[in-house]
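What follows is a single structure, written as structure tokens, with notes after it.
A note on names: the letters A, B, ... follow the listed sequences, proteins ahead of strands, and every chain is numbered from 1. What you are looking at is a predicted structure, and each value in this text was computed from that prediction instead of being measured.
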Number of protein chains: 2
Amino acid sequence: MPSAAVEDYVKAIYAMERDSPAGEASVAGIASVLGITKGSVAGMLSKLKKSRLIEGERYSGVRLTETGKKLALDVLRRHRLIEVFLVETLNLKWSEVHEEAERLEHAMSAKVLDRLDAFLGHPQVDPHGDPIPDANGHVPSLDGVPLSMLNETDQGVIVRITNQGSKFLEFVERHSLRPEARFTVVEIQPEAQLISLQVGRKPKLSLSLEAASKILAKRIKQPKRTQRRHT
Amino acid sequence: MPSAAVEDYVKAIYAMERDSPAGEASVAGIASVLGITKGSVAGMLSKLKKSRLIEGERYSGVRLTETGKKLALDVLRRHRLIEVFLVETLNLKWSEVHEEAERLEHAMSAKVLDRLDAFLGHPQVDPHGDPIPDANGHVPSLDGVPLSMLNETDQGVIVRITNQGSKFLEFVERHSLRPEARFTVVEIQPEAQLISLQVGRKPKLSLSLEAASKILAKRIKQPKRTQRRHT
DNA sequence: CAAAAGAGTTTGACAAGCCAAACTTGATTG
DNA sequence: CAATCAAGTTTGGCTTGTCAAACTCTTTTG
């Protein structure tokens with residue numbers, strides 16, 4: 001069985017691959033997200049290579065092998081199901097479950113996880129809208145565009161928050177920007193890099209396009225109109 | 001925060017103190033229940049002494065300090081609440097939850113545990129009938145006498161199984177001897193060290209007095225009659 | 001294109017825990 | 001009471017995972 005440390009590395013690599021342009025993870029990047037030194041990462045990576053979880057040339061980025069990817073998806077499945085449980089069943093705050101799940105995910109057997117999955121009704125996404133891989137490692141694909149790509153007067157539904165930072169999540173939660181929430185884009189100020197939304201009956205909410213790019217939404221069908229914008 | 005290893009030691013010491021005549025735990029005993037060598041235990045015990053979780057003279061048994069006892073009760077609380085959850089909510093088999101809880105208990109924060117406790121309705125006992133300490137370390141006391149102390153024709157209700165061995169638990173479960181189960185003592189054969197029970201409508205069940213001493217029961221009020229017997 | 005900067009690697013050290021094996025105590029017991 | 005033996009302790013060694021710091025590539029850039 002892989003250790004908790006190995007699982008954390010693999011999970012981090014998976015995430016970095018996903019959103020790095022080259023589809024690779026770097027030593028420095030891993031060190032930074034895991035909060036450890038480059039030296040430690042180098043040591044661990046050479047072990048992961050030996051056990052065929054990752055591959056890559058010396059002095060260059062690493063990629064997960066098929067085995068590594070399977071493991072990463074397994075860890076992600078555990079993590080996200082646990083988050084659903086903590087929020088739906090135990091009513092923990094949406095923004096505080098990440099670190100809890102971070103520890104529990106390493107202690108839960110496949111059997112318990114499957115029962116939990118059934119108990120929760122086989123959810124497709126976690127509380128942040130992240131898709132939950134199924135037991136075979138298949139990830140349901142959700143579509144959604146960054147808020148920062150929308151235009152004035154567009155209406156939409158939040159589908160996903162791609163930023164686990166708890167301060168960011170608290171902000172988002174405080175303004176009811178959870179998945180499922182409906183909103184309208186009321187104003188965009190490209191010079192100020194700002195976007196303003198109307199969410200429910202709450203006061204108008206403004207945030208930077210940078211922050212908005214971490215929130216994915218689905219446009220609600222709305223006759224004719226063009227779109228396009230860049231962060 | 002105490003490591004998982006420290007928690008396991010403290011928990012083991014607590015259990016050994018409870019049912020050793022001298023109220024102490026021995027190095028050899030701890031080594032045996034944790035499945036490690038005496039040398040390793042000696043090393044850890046000296047660390048536990050330094051951190052004031054246990055006390056005791058050199059070359060003699062150890063006892064938990066107040067701090068140590070508090071920690072032990074905390075771990076026990078986690079363990080048992082998790083067992084209740086696994087059985088009641090996730091429908092795991094009664095006999096397979098122990099090892100699961102053994103791992104999960106080290107990964108669950110106080111906050112999650114409190115929510116879980118509330119979700120489960122503040123149970124007093126776990127699926128084996130073991131009392132669950134409350135958040136302040138108070139253990140509800142349950143009375144119950146070993147089955148081996150009962151007499152023929154006595155009727156009772158199982159309250160607790162004091163033996164976590166999964167083969168024993170499977171046996172017990174297979175014969176419906178769970179806590180809450182009603183039974184009648186139909187026969188006792190002191191020479192054969194055997195006791196026979198009638199549980200529900202099941203066929204008569206015989207077991208050794210030794211095994212019976214690991215099952216605690218409460219007698220059901222039944223007019224006049226004396227009792228007494230020894231394992 | 002040479003030098004600085006970044007990124008990756010290596011080395012030596014450390015903390016937890018564990019083991020095996022030698023050694024010391026203390027408790028029988030013949 | 002001396003011999004024995006179980007129980008406790010010590011020592012040296014191993015693994016995992018970490019750090020700090022020196023070193024070496026590779027890339028960027030003046």
Side-chain angles (χ1 to χ4, degrees), chain A residues 1-13 15-17 19-64 68 71 75 102-103 105-107, chain B residues 1-13 15-17 19-64 68 71 75 102-103 105-107:
Chain A
M1 292 300 91
S3 67
V6 167
E7 293 188 342
D8 285 340
Y9 274 89
V10 163
K11 195 173 50 164
I13 294 168
M16 293 187 61
E17 272 187 16
D19 41 44
S20 96
E24 288 186 336
S26 67
V27 170
I30 298 170
S32 138
V33 318
L34 296 184
I36 58 192
T37 65
K38 294 180 301 170
S40 304
V41 171
M44 178 60 101
L45 291 192
S46 74
K47 286 177 47 180
L48 295 183
K49 274 176 191 165
K50 239 186 291 184
S51 46
R52 307 268 152 189
L53 289 169
I54 63 174
E55 56 193 13
E57 312 305 317
R58 233 176 103 103
Y59 287 104
S60 85
V62 300
R63 270 158 283 105
L64 291 173
L71 177 57
V75 179
E102 205 68 35
R103 275 174 292 110
E105 69 190 2
H106 301 301
Chain B
M1 293 299 93
S3 67
V6 166
E7 293 188 342
D8 285 339
Y9 273 91
V10 163
K11 195 173 50 165
I13 294 168
M16 293 188 61
E17 271 187 16
D19 41 43
S20 95
E24 287 186 337
S26 68
V27 170
I30 298 170
S32 139
V33 317
L34 295 184
I36 58 191
T37 65
K38 294 180 300 169
S40 304
V41 172
M44 179 60 100
L45 291 192
S46 72
K47 285 176 49 181
L48 295 183
K49 274 177 193 166
K50 237 186 291 183
S51 45
R52 308 269 154 190
L53 289 169
I54 63 173
E55 55 192 13
E57 309 305 318
R58 234 176 104 102
Y59 288 103
S60 84
V62 299
R63 274 157 281 104
L64 292 172
L71 176 58
V75 179
E102 205 68 36
R103 275 173 295 108
E105 69 190 3
H106 301 301

Which distance, rounded to the nearest 0.5 Å, do you find between the CD1 of B:I13 and the OG of B:S26?
10.0 Å
Determine, step by step, whether B:E24 and B:M16 satisfy the side chain to side chain contact (heavy atoms under 4.5 Å, CB included) criterion, reporting the C-alpha distance in whole Å, the side-chain angles of both residues, the deciding distance to 0.1 Å, and the verdict.
CA-CA 7 Å; B:E24 287 186 337; B:M16 293 188 61; over 6 Å; no
CE/B:M44 to OG/B:S46 distance, rounded to the nearest 0.5 angstrom?
9.5 Å
With a 4.5 Å heavy-atom cut-off, do A:L45 and A:I30 have their side chains touching?
yes
Pairing residues for B:S3 by the side-chain contact (heavy atoms from CB on, under 4.5 Å) criterion, not counting sequence neighbours:
B:A5, B:V6
Are the side chain of B:E55 and the backbone N or O of B:K49 linked by a donor-acceptor pair below 3.5 Å?
no
Chain B on DNA chain C: first and last contacting nucleotide, 5' to 3', under 4.0 Å to a heavy atom?
C:dA16 to C:dT25
Counting only heavy atoms and a strict 4.0 angstrom limit, can you tell me which residues of residues 46-63 of chain B come near DNA chain C?
B:K47, B:Y59
Side chain B:R103, main chain A:A107, donor-acceptor under 3.5 Å:
yes
Are any non-hydrogen side-chain atoms of B:Y9 and B:I36 less than 4.5 angstrom apart?
yes
Minimum heavy-atom distance A:E105-A:E7, with the two atoms named:
O-OE1, 4.3 Å
Ordered by number, residues from residues 19-32 of chain B within less than 4.0 Å of DNA chain D (heavy atoms) are B:S26, B:V27, B:A28
Within residues 36-45 of chain B, the residues having a heavy atom closer than 4.0 Å to DNA chain D are B:K38, B:G39, B:A42
Please check: side-chain N/O of B:E17 versus main-chain N/O of B:L64, any donor-acceptor pairing under 3.5 Å?
yes
side-chain contact (heavy atoms from CB on, under 4.5 Å), paired with B:V41, selected from B:L48, B:L34, B:V27
B:V27
So how far is it from B:L71 CG to B:M1 CE, rounded to the nearest 0.5 Å?
9.5 Å
Short of 4.0 Å, heavy atom to strand atom, which residues of residues 2-12 of chain A count as contacting DNA chain D?
A:S3, A:A5, A:Y9
Main chain of B:K47, side chain of B:S51: is a donor-acceptor contact present, judged purely on distance under 3.5 Å?
yes
Evaluate the side chain to side chain contact (heavy atoms under 4.5 Å, CB included) criterion for residues A:I54 and A:V10: first the C-alpha distance (whole Å), next the side-chain angles of each, then the deciding distance (0.1 Å), finally the verdict.
CA-CA 8 Å; A:I54 63 174; A:V10 163; 5.5 Å; no
Would you please test A:E102 and A:D8 for side chain to side chain contact (heavy atoms under 4.5 Å, CB included) and show each step?
CA-CA 9 Å; A:E102 205 68 35; A:D8 285 340; 4.0 Å; yes
